[in-house]
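Source: prediction; values computed, not measured. All chains are named by letter (A, B, ...) in the order of the sequence lines, taking the proteins before the strands, and each is independently numbered beginning at 1.
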Protein chains: 2
Amino acid sequence: MIGKTRGQGVEILDDIRALPPAHAEGRRGRRGTGKVRITDVAKLAGVAPITVSRVLNAPDSVAAETSRRVREAINRTGYVPNMLAGGLASSRSHLIAALVPTIASPVFQATWEALTETFSGAGYHVTFGQTGYGGAREDELINTMIARRPDGIVLTGIMHSPSGRRRLIEADIPVVETWDLTPTPIDMLVGFSHEHIGEAVAEYLHGKKRIRIAVITAADERARRRAKGLAAAATRLGIANTLAPAVPMFVAAAPGTLGSGRKGLTDLLARHPGIDAVVCSSDMLALGVMIEAQARGIPVPERIAVVGYGDLNFAADTVPALTTVNVDGPAIGRLAARCIIDRAQGRSVAEPIVDVGFSIVKRASA
Amino acid sequence: MIGKTRGQGVEILDDIRALPPAHAEGRRGRRGTGKVRITDVAKLAGVAPITVSRVLNAPDSVAAETSRRVREAINRTGYVPNMLAGGLASSRSHLIAALVPTIASPVFQATWEALTETFSGAGYHVTFGQTGYGGAREDELINTMIARRPDGIVLTGIMHSPSGRRRLIEADIPVVETWDLTPTPIDMLVGFSHEHIGEAVAEYLHGKKRIRIAVITAADERARRRAKGLAAAATRLGIANTLAPAVPMFVAAAPGTLGSGRKGLTDLLARHPGIDAVVCSSDMLALGVMIEAQARGIPVPERIAVVGYGDLNFAADTVPALTTVNVDGPAIGRLAARCIIDRAQGRSVAEPIVDVGFSIVKRASA
DNA sequence: AGCATAGATGGTAGCGCTACCATTTCTTAT
DNA sequence: ATAAGAAATGGTAGCGCTACCATCTATGCT
């Protein structure tokens with residue numbers, strides 16, 4: 001074995017600088033991309049392809065000097081691994097599918113940002129599928145997402161459709177449902193109880209001696225459940241029954257806007273002039289209510305208390321400052337990502353079902 | 001060839017219902033996913049795998065009856081194609097990489113929503129990489145994105161880093177730069193001129209006889225260029241020179257918030273009590289300015305005119321309604337997607353460089 | 001010294017799909 | 001009737017990577 005310095009018959013081509021590699025011309029035009037492949041790097045470094053793979057994916061299993069040579073070859077060739085090939089061979093795509101109503105919802109934004117960031121730090125990319133409010137295209141999207149063989153799927157809310165549930169379970173991909181609670185999650189869960197929020201807000205306003213509470217809500221399933229929780233608590237506390245049979249409600253199109261907040265207050269005032277508190281399904285609606293109240297000369301909170309939801313970055317700076325419900329959106333994103341990353345790395349997930357809770361942020365408006 | 005009804009020796013197993021396929025047990029546990037593959041569908045339908053592939057990817061090239069049988073087999077088996085394998089074989093990943101400062105910016109949201117939607121309709125998925133304001137991790141992200149061999153890359157703003165430009169060009173992937181203009185795009189471009197917006201706003205306010213214009217801007221490169229355009233036009237129009245050497249400016253952290261709008265007005269008023277117009281780099285900042293003005297009893301627009309940017313969904317409903325700059329964000333998203341889709345389908349791109357322009361939406365605040 | 005064990009590396013054989021070209025059958029024109 | 005072409009389908013050979021196991025060397029232990 002003269003001329004070989006290492007074990008198993010690998011040619012060493014130490015000082016060749018081939019950039020682009022010599023064979024590239026021959027390959028281009030038929031199939032393939034004409035790009036540098038792992039074998040090109042391996043030849044230049046004088047190792048087997050699998051060793052290059054290990055340098056990239058399991059650095060601890062390669063000797064320091066070998067690793068150095070391989071890295072140098074990677075730099076010289078400008079090699080960028082092909083994750084399609086890697087994913088196919090290893091059944092690990094390092095891709096995450098997130099199903100969201102729309103990426104343009106201010107309430108969820110901080111969550112998706114944190115989710116993307118946490119996954120990114122662990123070598124994953126996130127692709128978003130928009131289901132639309134109401135989740136119309138959820139089932140269809142699940143199919144096209146599964147086609148990518150993602151290492152995890154993050155859902156907004158609970159998956160209700162039985163066919164969607166079945167598909168997800170059969171696909172055998174880790175799933176995290178978020179932003180809601182259920183005793184029967186598909187797999188993992190990071191959320192909180194919308195009913196409890198409604199109840200807590202009712203109790204808070206009851207404590208503030210408000211007796212005629214109204215609700216302005218976007219046509220969104222979870223917002224409606226908060227309103228239902230509020231109405232139930234109001235009845236229990238004897239609020240709703242004082243004058244009216246139920247909590248007056250104004251339903252606006254999702255997502256809630258400042259304009260629908262204004263319209264909501266106008267409508268409620270016309271129908272129920274005596275209301276002394278308005279609970280909104282988003283801070284934007286609440287801001288609209290406060291602006292409309294100001295335009296009408298109605299003092300907030302003196303005559304009408306206003307409560308928002310989301311604790312968006314403007315809530316502390318409105319006049320008066322907005323009392324609202326804070327949910328730790330970034331924490332939901334981080335925890336959801338952690339669940340999937342832990343599972344992917346074979347670790348057992350410490351808490352597969354997490355209730356992150358919520359808090360009422362007491363400011364001036366209520 | 002007794003027993004064969006079609007051309008080339010394919011066994012027909014018409015009435016077998018195998019779900020999961022018979023071989024699955026044998027495969028599971030070693031390699032592969034144990035899932036239904038294209039060959040399973042092909043056997044059940046009595047055709048070659050390539051025919052199943054054609055039914056899915058080029059339906060017109062398959063006879064109606066064959067297509068029917070294949071689709072039935074797909075339904076019976078619950079087959080979901082593996083896009084990793086397909087992408088590797090065809091060099092078409094049907095994946096798009098979008099590099100954004102953060103997915104949580106209200107100004108860009110409508111664009112990413114439309115982008116995702118348009119691509120989704122054409123069979124593509126979009127993955128977002130967050131570069132951070134200032135694009136700190138842009139170069140690094142480009143590398144990990146190229147590893148996925150996306151069929152297109154969408155950038156926010158112009159790519160300035162030479163190394164990033166080189167990588168993108170070498171990767172030979174269609175690139176669209178967005179939300180800005182340059183005479184030297186990497187490839188394609190859908191945007192508008194930030195300098196022109198600044199100039200147009202200056203001219204608009206000049207027309208309204210405003211002579212002491214101030215600026216509140218987020219620390220964002222494009223916002224700063226709008227401010228620069230405004231300052232230049234102000235000087236040219238003789239505004240800036242009337243009393244001060246330059247347009248007073250307050251720079252807030254990105255992204256601009258209602259709170260920093262309030263702080264900005266407070267600061268500007270202290271330093272330049274005579275200002276009669278405030279131009280903001282986002283509608284949120286502008287809303288903050290108006291709220292602060294109202295708190296101080298300063299009438300808008302009588303004493304101070306306010307101009308925003310973005311024409312967000314609340315701009316028409318503030319009191320007074322906000323005069324702002326509208327950029328057709330959804331159009332940018334749609335056009336950018338169209339560019340890449342056209343290129344991917346081998347069509348020539350009608351307009352590889354598009355200036356979508358902007359408009360000043362005249363409302364009550366200025 | 002002799003043997004077991006750990007550490008480092010390599011050869012082979014796929015992962016599941018589609019490009020490419022070949023083959024067969026059916027039309028249409030001459 | 002026959003050539004020439006179009007339409008439908010299939011066989012083979014990869015795409016670029018990693019799982020699996022084999023191999024070889026260094027190290028520690030009796």
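Side chain of A/Gln130 to main chain of B/Glu113: a donor-acceptor pair is present (N/O by atom type, distance under 3.5 Å, no hydrogens or angles).
The CG-C1' distance, from A/Leu56 to D/dT18, rounds to 12 Å in whole Å. Separating the CZ atom of A/Arg148 from the C1' atom of C/dC17 is a distance of 14 Å, rounded to the nearest angstrom. Rounded to whole Å, the distance from CD1 on A/Ile38 to P on D/dA19 is 11 Å. Rounded to a whole Å, the NE2 atom of B/His94 is 11 Å from the C1' atom of C/dT18. Taking atom CE of B/Met83 as the reference point, atom P of D/dC15 lies 21 Å away to the nearest angstrom. Protein atom NZ of B/Lys43 is 20 Å distant from nucleotide atom P of D/dT9, rounded to whole Å. Taking atom CD1 of residue A/Ile50 and atom C1' of nucleotide D/dC21, one finds them 11 Å apart after rounding to whole Å. Between A/Leu88 atom CG and C/dG14 atom C1' the separation is 9 Å, expressed in whole Å.
For B/Ala89, whose side chain is taken as the heavy atoms from C-beta onward, the closest listed nucleotide among C/dG11, D/dA19, D/dG14 is D/dG14. The side chain of B/Pro49 lies closest to C/dT18, out of C/dT18, C/dG10, D/dC15. Here the nucleotide nearest the side chain of A/Thr51, chosen from C/dC17, D/dG10, C/dG10, is C/dG10. If you check C/dC17, C/dG10, D/dT18 against the side chain of A/Ser53, the one that comes closest is D/dT18. The A/Ala63 side chain lies nearest to C/dT9 when the options are C/dT9, C/dA19, D/dA8. In this structure, the nucleotide among C/dT18, D/dA19, D/dC17 sitting nearest to the side chain of A/Ser90 is D/dA19. Side-chain atoms of B/Val62 lie closest to D/dT9 of the nucleotides D/dC15, C/dC15, D/dT9.
To the nearest 0.5 Å, atoms OG1 (B/Thr77) and CD (B/Glu72) are separated by 10.5 Å. Note that CD1 of A/Ile153 is 8.0 Å distant from CE of A/Met145, once rounded to the nearest 0.5 Å.
Comparing A/Asn57 and B/Ala85 by the nucleotide of DNA chain D whose heavy atom lies nearest to each, the residue mapping closer to the 5' end is B/Ala85. Residue order along DNA chain C, read from the 5' end via each residue's closest nucleotide, puts B/Gly86 first among B/Gly86 and B/Arg54.
In this structure, A/Thr66 reaches the C/dT9 phosphate: one of its side-chain N or O atoms is under 4.0 Å from OP1 or OP2.
Applying the side-chain contact (heavy atoms from CB on, under 4.5 Å) criterion to A/Thr111, with sequence neighbours excluded, gives A/Trp179, A/Ile332.
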Under 3.5 Å, which donor-acceptor pairs do the side chains of residues 52-59 of chain B form with other protein atoms, sequence neighbours left out?
| residue | atom | partner | partner atom | Å |
| --- | --- | --- | --- | --- |
| B/Ser53 | OG | B/Asn57 | ND2 | 3.4 |
| B/Asn57 | ND2 | B/Ser53 | O | 3.2 |

